[in-house]
Amino acid sequence: MTLDDEARPRLPRGVRLRHDSVRGEWHLLAPERVVQPNGPAVEILKRCDGERTLQAIVDDLATTFSADRALIDRDVRALLADLVAK
């Protein structure tokens, strides 16, 4: 799957990212499924609001974490493609 830089990723209807304050963990809740994303995935998913472009998400993550933009871009695209496949 190829995502355009101007794509505006968002979680599909019925899927939510929720923080469990008791356990201090994030969960991706989908119908009849719960996924516990790791730290970097949580940061990516928080930004998938349907308003920010893929390019803006990558830029924000690279700036926030002082990381290589190309590496962030690769990781974001890989995570989103994996989620779409699931």
Task: Co-membership, hydrophobic cluster, residues F65 and V42, 4.5 Å side-chain - done: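 Yes; tracing contacts between hydrophobic side chains, which count when under 4.5 Å, links both residues.
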
Would you say the side chain of [Y] lies within less than 4.5 Å of the side chain of [X], judging by non-hydrogen atoms?
X	Y	answer
D75	P40	no
L11	L28	yes
I72	I57	no
R74	R69	no

What closest approach, in Å, do [X] and [Y] show between heavy atoms, and which atom pair accounts for it?
X	Y	result
K46	W26	CE-CZ2, 3.4 Å
P9	L54	CD-N, 4.0 Å
P31	G14	CD-O, 3.6 Å
V15	A30	CG2-CB, 3.9 Å

Task: Connected-component partners of L71 among ILVMFWY, side-chain separation under 4.5 Å - done: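 So far as hydrophobic clustering goes, L71 is joined with none.
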
Open item on the list: Would R47 and T64 count as a side-chain contact (heavy atoms from CB on, under 4.5 Å) here? Give the steps.
Closed with: CA-CA 12 Å; R47 290 163 172 82; T64 300; 3.8 Å; yes

Task: Side chain R8, main chain E51, donor-acceptor under 3.5 Å - done: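 Such a contact is found between R8 side chain and E51 backbone.
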
Task: Under 3.5 Å: donor-acceptor pair, side chain of D49, backbone of R52 - done: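 Between the backbone of R52 and the side chain of D49 there is a qualifying donor-acceptor contact (under 3.5 Å).
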
TODO: Please assess Q36 against E25 for the test side-chain contact (heavy atoms from CB on, under 4.5 Å), listing each intermediate value before the final yes or no.
DONE: CA-CA 8 Å; Q36 187 175 353; E25 300 172 340; 3.2 Å; yes

Can you tell me how far [atom2] of [Y] sits from [atom1] of [X], rounded to the nearest 0.5 angstrom?
X	Y	atom1	atom2	result
D59	T53	CG	OG1	7.5 Å
D73	D68	CG	CG	10.0 Å
H27	R16	NE2	CZ	12.5 Å

Open item on the list: For L17 and C48: C-alpha separation, side-chain torsions, deciding distance, then whether side-chain contact (heavy atoms from CB on, under 4.5 Å) applies.
Closed with: CA-CA 10 Å; L17 182 65; C48 292; over 6 Å; no

TODO: Can you sort out the partners of D5 under salt bridge (Lys or Arg N to Asp or Glu O under 4.0 Å), two or more places apart, ordered by chain and number?
DONE: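 Salt bridge (Lys or Arg N to Asp or Glu O under 4.0 Å) list for D5, sorted by chain: R77.
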
- [ ] With sequence neighbours excluded, tell me which residues meet side-chain hydrogen bond (donor to acceptor under 3.5 Å, both in side chains) with R23.
- [x]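 Partners of R23 by the side-chain hydrogen bond (donor to acceptor under 3.5 Å, both in side chains) criterion, ordered by chain and then number, come out as D20.
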
